[in-house]
Amino acid sequence: MQHYLEGLNEQQREAVLHKDGPIMIVAGAGSGKTKVLTTRIAHLMAAHHIDAFRILALTFTNKAAAEMKERIERTLGNTEARNLYIGTFHSVFARILRAEADRLGYPRSFTIYDTDDARSVVKTVVQELNLDDKHYKPNLVLNRISSAKNALVGPDEYANDYHLQQEDMQSGRPAIGKIYQAYWARCRKNGAMDFDDLLFNMYILLSTFPEVLHKYQHKFQYILIDEYQDTNAAQYQIVKLLAAVHENICVVGDDAQSIYSFRGATIENILQFQKDYDDVKVVKLEQNYRSTQSIIAVANEVIKNNKGQIPKALWTDNHPGEKIRLVRTMTDNDEGKYVADTIQEQKLRNHYNNRDFAILYRTNAQSRSFEESLRRMNIAYRIYGGISFYQRKEVKDFIAYLRVIVNPKEEESLKRIINYPIRGIGKTSVEKAVLAANDGGLSMWDVLGNAAMFGFKSGTLESIDQFVTMIKMFASELDKKNAYDVAVLVGKHTGIVKELFNDKTTEGLARYENVQELLNSIKEWIETPLNEEDGEVGDKSLGAYLQQITLLTDADKDEEDADVVKLMTIHAAKGLEFPVVFVAGIEEGLFPSGMSINSREDLEEERRLFYVAVTRAKQRLWLTYANNRYRFGQLVQNDPSRFLDEIPELHLDKSHAGGRAPGGFGGTSAFDRMHGKPSFGPPPARKPDQRPSYLGPAPKPAQVDHTPSKDFVPSDLSGLAPGQRVEHQKFGFGEVTKMEGSGHNPIATIKFDLNGEKKIMLNYAKLRIL
DNA sequence: CCGAAGAACATTTTT
DNA sequence: TGTTCTTCGG
């Protein structure tokens, strides 16, 4: 009975057994935090008979949630854990917002915008306000709006806030408030929420509808929050509301691992937790079960340079382990090569598999040199982060169709697909529709549905009508068929799948496969069993599917045990562990990032990031940096990171690759002599079709300008046929040799007397038939 | 109206 | 270096 308690140490057990009232678990890296959380939930269910439906667990990634669920199932030996409310803040709130959408004036199947979508809405809004998007850069504006939302500052409040207005004035962007208002309104009109809205609207829902608040306050008898140090103000307020009745709130976190302040997270939440509730139980987990003593020592040495932490001492009983290897290379390419070589060597010497290695870096852009060298050595790898599956153009295009079917008010997706595949509704027509919509207070979809009233010319009108009919047809199929069948129908009926299939280039093939994979994922989603009865959660509609996938990262769909080296940013590595870790690019300006060296707060966050990176390693750790690195294609010099100076010499082994001379500059070492040359192998061969650069750019074929005859009048070209002689405004006289192209886009090939053979698009060019 | 080709610009980090 | 925006020719 309760065998699951046996593997716990004293503090862990204390955290698990504490039943009611607030508890804060300060959990150092690798101290068994997930184990405590899952055991605690299992214990609540098994020993105290708490219904799974009444437990809310908020995690940082979907993957962590899935893992926890699985572990609880294993512990309890049943499938009750499926009924837990467990997931990221964003996905759990999306679920609730879906159920309560009508109260906020949103459709149930509201669209969730990812960052790209949001950016593009900002851009349109800026343009519609007649502002310069060179000055009001969408990214910058969106960040500002995002921070406001994360601080629960709404658009009107923002626009009327003296202090914020002053700030925007001083940065020369006084119109941000206006943009925020317009952006907010546009999202509402589109029936869409961005990531931040999922939090903000959840807060609005709870704070304006007492009966809703009451419902969820009572429903969630126990609340657990992982990675509490990375919660922001909005999340904090929501949690406070939800926990107010039962006060059975358990937060787990480590202030030393707070690395998301750029996303509005505030370390204050965890530092202040004890003041938020009476009688907070505090448990500290300080024993590390993950890493060697050397690794823990280095982590501790570095992090102690930060001020204002919760006092704690991370220690371990583990093997002392090897010293940490510090490696300098000449360039980032050498760094890549060194790491790949070392992986190869370690595999042989210490019998590691590919999956035992991780390469961690500060920025996504650093992945390239590692990719290249790993590929060259035939070592399988996988990159996490970067462009996720659902962000690829072809996937997004397909998803846009599905979004429009479910929520036709949604303009971004509508604009994306209205002329894909090409159906003759071009930019001007779209602009016209948008303008008409804005003038009439309608949605673009409404305008398209009544296109005849808005004076489109007949050809366009026909295309629009066909398009509208098609979307309506898809939508009506949704009542009869499941999401997968409808998606397949969309692929067939629009011709997208066929078009991609016919593209036999490598990229075309990949695009085709991606769309197939998307279809498979829908199928899989349909076939996964629903949660038990819980009405507001489980529905297998297309709308629910779409909401869910936007919140997925590619870290979430890990083909587990694939034997590959993992490459990711340090942020993405949070919560993970690997036998062997390489932390790369430890240079001033890169790590710490050049953006963060101007304030103590930012710099300390970089240091915490370094701490996170180091503590991912279980057995062996390499720290690498390069003297020179390509940035924007330009070779740039970097100094070694200040963090390296904070590591006492005795923990380091510098013998492997040049080491690092005291004071930061190095003499020539064996490694330098080996790797000092900028490149390996034969010099890059010039592509055969490339002209040598000393010849200058290839001369353009001379063009003979033609002055049109005085009586030049463009003829009606609908009957144009090969053999006819024509006059072109610019190219002069010639003979039609061939006709091709489709109905509304005919192309004639014409052999000109003076300018050679050219292809002419007839509905553009002006020709006179002689 | 559409694609190709050149220019401009971009790098923190992510739900 | 790699992507996205703009321009231009067919």
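Please read these numbers as outputs of a predicted model, since none were measured by experiment. For the numbers below, each heavy atom of this structure counts, side chains included, while hydrogens, waters and symmetry mates do not. Throughout, a chain's letter reflects where its sequence line sits, starting with A, and its residues are numbered from 1.
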Using a 4.0 Å heavy-atom cut-off across all strands, classify A:K123 as base, sugar-phosphate, or nothing. sugar-phosphate
For the pair made of CZ in A:F200 and P in B:dT15, what is the distance, rounded to whole Å? 22 Å
Touch class at under 4.0 angstrom, heavy-atom based, for A:D332 against every strand present: nothing
From the options A:R416, A:K415, A:R403, select the one residue that forms a salt bridge (charged side-chain N to carboxylate O under 4.0 Å, His left out) with A:D117. A:R403
Give the rounded distance in Å between these two atoms: CZ of A:R423 and P of B:dC2. 12 Å
Hey, does the side chain of A:R368 come within less than 4.0 Å of C:dG2's phosphate (OP1/OP2), counting only N and O? yes
Side-chain touch A:Y113/A:V121, heavy atoms, less than 4.5 angstrom: yes
A:S91 side chain near B:dT15 phosphate (N/O to OP1/OP2, under 4.0 Å): no
List the protein contact pattern of nucleotides 6-12 of chain B with one symbol per nucleotide (5' to 3'): B for base contact, S for sugar-phosphate-only contact, - for none; contact means a heavy-atom distance under 4.0 Å. ----BBB
Between C1' on B:dT15 and CD1 on A:I145, what's the gap in Å once rounded to a whole number? 17 Å
Of the candidates B:dT14, B:dC1, B:dT15, the side chain of A:F195 sits closest to B:dT15
Kindly indicate, with the supporting measurements, whether the criterion side-chain contact (heavy atoms from CB on, under 4.5 Å) is fulfilled by A:T624 and A:V583. CA-CA 6 Å; A:T624 71; A:V583 184; over 6 Å; no
Taking the same atom, C1', in B:dT11 and in C:dT6, what whole-Å distance lies between them? 23 Å
Let me know the distance between CD1 of A:I425 and C1' of B:dC1, rounded to the nearest Å. 13 Å
Considering every strand and a 4.0 Å limit on heavy-atom distances, what is the contact class for A:T115: base, sugar-phosphate, or nothing? base
More 5' along DNA chain B: A:T428 or A:Y260, using each one's nearest nucleotide? A:T428
Could you state the atom-to-atom distance from CD of A:E371 to P of C:dG2 in whole Å? 10 Å
Flag the pair A:Y361 / A:H571 as yes when their ring centroid distance falls below 6.0 Å, and as no otherwise. no
Taking only residues two or more places apart in sequence or in another chain, which ones pass side-chain contact (heavy atoms from CB on, under 4.5 Å) with A:N514? A:F389, A:R392, A:E394, A:V395, A:E517
Residue-phosphate contact under 4.0 Å: A:N150 side-chain N/O, B:dT15 OP1/OP2: no
Whole angstrom is fine here: how far is it from CD in A:E604 over to P in B:dT13? 22 Å
Full working for ring-ring contact (aromatic ring centres under 6.0 Å, His included) between A:Y260 and A:F60: CA-CA 11 Å; A:Y260 277 97; A:F60 202 69; 4.9 Å; yes
Just how far, in rounded Å, is P of C:dT4 from CD of A:Q391? 11 Å
Please give, in whole Å, the distance from B:dT15 C1' to A:K63 NZ? 16 Å
Between CD on residue A:Q229 and OG on residue A:S261, distance to nearest 0.5 Å: 12.0 Å
